[in-house]
Amino acid sequence: MPAFDKTPGWLDWCPNPSKPRFALPPGAVDAHCHVFGPGTEFPFAPERKYTPCDAGKAQLFALRDHLGFSRNVIVQATCHGVDNRAMADACRTSGGRARGVATVRRDVTDGELQLLHEAGVRGVRFNFLKRLVDFTPRDELAEIAGRIQRLGWHVVVYFEAQDLPELWSFFTALPTTVVVDHLGRPDVSKSVDGPEFALFLRLLREHPNVWTKVSCPERLSVGGPPARNGERHPYRDVVPFARRVVQEFPDRVLWGTDWPHPNLKDHMPDDGLLVDLIPEIAPTPELQQRLLVRNPVRLYWPEEL
Ligand code: 0GY
């Protein structure tokens, strides 16, 4: 098995997250997290843009229990390319407590899609960040969306706010539910009432099949890392953006930790603190129930409804 050297400066996940003060509702879903390897068992993809630390399913499930979540949605990370084995294995062995989002190419066979479905996969991810992936032609992505629609899956898209105008017509033509990662990555140094975020809100307003994850305050914040001791609610500059979306679109929002937090350069968040931000962005028990339980169940465990 090949040995992998981590990308220089790579920050490992927090080994001792605090216990959240916010008590998650029963059945809460961490709807955006990843597994990395372990590299000796599930080697990273040759075309990867970074080499992470190991972050396997046992560690993910331990974090789930520590924070008080019931379930996970494991999103294929780009360091594994289109080799979905680590993610699918974690879903398959979770005792029904994890569902997945895969990455596939046009050459994926119907048989392979069926096996992913049986493992628990319910969506595919299209990534538009050049620092993470090479370009895939739009017609290939459209073809994949048409095929996975027949399985009842959805499409997860990851892009940055400045690219939304160019991607708009592609996204709005997709035939499935479309879930936008991390609030469409707004520049939170700009106004929540400004034109950039207005375009994102318009996407949600005009297209009822578009959902979003109000996740990654640690990635979006420009306020810098939180003080190590003292402040219990860091990343406050992201709160107005997340709260605006939760309040206007309460039935189309998801929340996730983004553990093990790939590509953070300055600091690694305490996952307990991230959970403690939830009541800031979803201020009522009703909104929390939809964000953390009802919405992810509709998308990932619909057979329970
Ligand atoms: C995230 C964000 C990032 C990375 C990936 O699959 C990935 O490699 O999604 C990022 O670097 O912004 O959602 O984990």
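In listed order, ligands and their atoms are each counted from 1.
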Take the angle between the ring planes of Phe170 and Phe128 and call it parallel below 30°, perpendicular above 60°, tilted in between.
-> perpendicular
Parallel, tilted or perpendicular: which fits the ring planes of Phe197 and Phe200, with parallel below 30° and perpendicular above 60°?
-> tilted
Between ligand 1 and the protein, which N/O pairs fall short of 3.5 Å?
| from | atom 1 | to | atom 2 | distance (Å) |
| --- | --- | --- | --- | --- |
| ligand 1 | 6 (O) | Thr78 | N | 2.8 |
| ligand 1 | 6 (O) | Arg125 | NH1 | 3.0 |
| ligand 1 | 8 (O) | Tyr50 | OH | 2.6 |
| ligand 1 | 8 (O) | Thr78 | N | 3.3 |
| ligand 1 | 8 (O) | Thr78 | OG1 | 2.5 |
| ligand 1 | 9 (O) | Arg125 | NH1 | 2.8 |
| ligand 1 | 9 (O) | Arg125 | NH2 | 3.0 |
| ligand 1 | 11 (O) | Arg131 | NH1 | 2.8 |
| ligand 1 | 11 (O) | Arg131 | NH2 | 3.4 |
| ligand 1 | 11 (O) | Asn263 | ND2 | 2.8 |
| ligand 1 | 12 (O) | Arg131 | NH2 | 2.7 |
| ligand 1 | 12 (O) | Tyr158 | OH | 2.6 |
| ligand 1 | 12 (O) | Arg219 | NH1 | 3.2 |
| ligand 1 | 13 (O) | His32 | NE2 | 2.9 |
| ligand 1 | 13 (O) | Arg125 | NH2 | 3.2 |
| ligand 1 | 13 (O) | His182 | NE2 | 2.7 |
| ligand 1 | 13 (O) | Asp258 | OD1 | 3.3 |
| ligand 1 | 14 (O) | His34 | NE2 | 2.7 |
| ligand 1 | 14 (O) | Asp258 | OD1 | 2.7 |
| ligand 1 | 14 (O) | Asp258 | OD2 | 3.3 |

Could you please spell out the steps behind the side chain to side chain contact (heavy atoms under 4.5 Å, CB included) verdict for Val157 and Val178?
-> CA-CA 7 Å; Val157 293; Val178 177; 3.9 Å; yes
Should Thr176 and His154 be marked as a side chain to side chain donor-acceptor pair (under 3.5 Å) after you check the CA-CA gap, both sets of side-chain angles, and the distance that decides it?
-> CA-CA 5 Å; Thr176 60; His154 59 275; over 6 Å; no
Mind telling me whether Phe171 and Phe159 have parallel, tilted or perpendicular rings, with 30° and 60° as the class edges?
-> tilted
Regarding Arg97 and the six-membered ring of Trp301, is the cationic atom NZ or CZ under 6.0 Å from the ring centre and inside 45° of its axis?
-> no
